[in-house]
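All remarks here apply to the structure that follows.
Keep in mind that what you see is a predicted model, and the values were worked out from it rather than measured. Side chains are part of it too, since the values below use all heavy atoms of this structure and drop only hydrogens, waters and symmetry mates.
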Protein chains: 2
Amino acid sequence: MSTVRTPTRLRILAAATDLFGLRGVDAVSLDVIANEVGVAKQTLLYWFASKDELLAAVLLEAANELTVVIEAAVRASTDDPLDRIDAVVRAVFRPAVRRPALLGLVREVSRVPEEVGARLTGQLQLLASRAADYLGQEMDAGRLRRADPGLIAALSYATVTGIATEPAVLRVNGWEPTPAGLRHLRDELRGFLRAALAP
Amino acid sequence: MSTVRTPTRLRILAAATDLFGLRGVDAVSLDVIANEVGVAKQTLLYWFASKDELLAAVLLEAANELTVVIEAAVRASTDDPLDRIDAVVRAVFRPAVRRPALLGLVREVSRVPEEVGARLTGQLQLLASRAADYLGQEMDAGRLRRADPGLIAALSYATVTGIATEPAVLRVNGWEPTPAGLRHLRDELRGFLRAALAP
DNA sequence: TCCCCTGTCTACCATATGGTAGAGAGCCTA
DNA sequence: TAGGCTCTCTACCATATGGTAGACAGGGGA
């Protein structure tokens, strides 16, 4: 109950992102979103002309959030190879940890106009390829045991996507989709990368 | 148009499996399924009392299909380590190749009674842990470079699940969700494992 | 022949959902 | 104060969807 309230439009966007990403667009009605935000359904339709337009806005916003993550990863670079690996791993996992629904939105890309969907998939691609590039550099420098960096990144990416999209997937593997659980997974992957370091 | 038609119940089950797994339960109406099968909606409701009951039957059937896959993988064993690795990889990837919707059903587990959902997640767990066990054996025997077998299996599993669930994920990584594309991915993973073999 | 059972259908209903119409409250500016 | 603009609301509508009621066709047994 702060005096300065987040603008309605942003609150709608945030709630829709989480609900769409976690449950899927078809499973979430405008009423549910409005209820979550604490406004009437018509307030939603004032800010976004239709459900489709709301989804498009959500995907664009997600793409923007990912841009921020990627740019932060670009800036993060130290001389310690382990730290640098950690930075990349963090860059790949952070969206899943901070906003599990973000990557789950990939599921809905086909519903929006192509240029909108391309923004999101483009950012995800960038995230994956940046990780691949970095791992490739480490290998070239002899600090990482050589393997297919694209595959490693793809596996990481698929893991992240799988986690973000399907909490059930996580449970199948015996993990709980909590921040702590995701941290544990990140540590495991980090250990995997550390083990891959050239002896 | 064969003279011997598949029983209606089985045709409904098959269509519902594909539609539920690929698009999600909420995105698929009973009318759509009935249309796909070529019967009236009420015929669906004659065989399955409700949509929820249909979903439960679909999940049970999927669990049974996975059981067959796993048992086949258990039987497959030769002395050539590469062939044995290939057999495990095949076992993990086969459901995704033959029936992409099968693993996508994980998404819907939380909707059905716990004992029904547990059947499916249990089989998926078995699939993943069998791969982990096998990779562990190979490592103990010195034929595979040591790394966390559980993590490798989890990564494979997450990849499979991601592919099966989200064709868009595959496209982000530059792959097409076709059988040929999946074969390519399988070969890549095989190459990864081969590269991991102890020198 | 009659009856009942199986399987499929047409007709219909109640509800939920996406979306429209328009009123009203609050605020800024003239 | 008046007028208009921004934002949110109540009331309502058309359609789609899950589900019910019951008719009808066909086949097998008494």
Lys51(A), nearest nucleotide to its side chain (from dG19(C), dC7(D), dG18(D)):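 In terms of side-chain proximity for Lys51(A), the closest of dG19(C), dC7(D), dG18(D) is dG19(C).
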Proximity to the side chain of Gln42(A) - top-ranked nucleotide from dA21(D), dT8(D), dC9(D):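 Among the listed nucleotides, the one closest to the side chain of Gln42(A) is dC9(D).
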Atom pair distance, as rounded to whole Å: [atom1] in [X] and [atom2] in [N]:
X	N	atom1	atom2	value
Lys41(B)	dT8(C)	NZ	P	17 Å
Trp47(B)	dC9(C)	CH2	C1'	15 Å
Asp52(A)	dT17(C)	CG	C1'	14 Å
Leu54(A)	dT17(C)	CG	C1'	15 Å
Arg9(B)	dT8(C)	CZ	P	12 Å
Leu45(B)	dC13(C)	CG	P	18 Å
Leu44(B)	dG7(C)	CG	P	15 Å
Asp31(A)	dA16(D)	CG	P	18 Å

Donor-acceptor contact below 3.5 Å, side chain Glu108(B) vs main chain Gly21(B):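 Flag not set: sc Glu108(B) to bb Gly21(B) has no pair under 3.5 Å.
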Heavy-atom side-chain contact between Leu55(A) and Phe48(A) under 4.5 Å: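 Not touching, per the 4.5 Å side-chain cut-off.
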Beyond-backbone contact of Leu59(B) with Phe20(B), side-chain heavy atoms, under 4.5 angstrom: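 No, side chains not in contact.
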dT8(C) phosphate, OP1 or OP2, under 4.0 Å from Thr8(B) side-chain N/O: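 For Thr8(B), the contact criterion (side-chain N or O under 4.0 Å from OP1 or OP2 of dT8(C)) is met.
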Distance below 4.0 Å between Tyr46(B) side-chain N/O and dG7(C) OP1 or OP2: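 Result: yes.
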Smallest separation among heavy atoms of Val109(A) and Gly117(A), with atom names: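 Reported closest heavy-atom pair: CG1-CA, 3.8 Å.
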Canonical and wobble pairing (Watson-Crick, G-U, under 3.5 Å) of DNA chain C, dot-bracket with |: ||||||||||||||||||||||||||||||
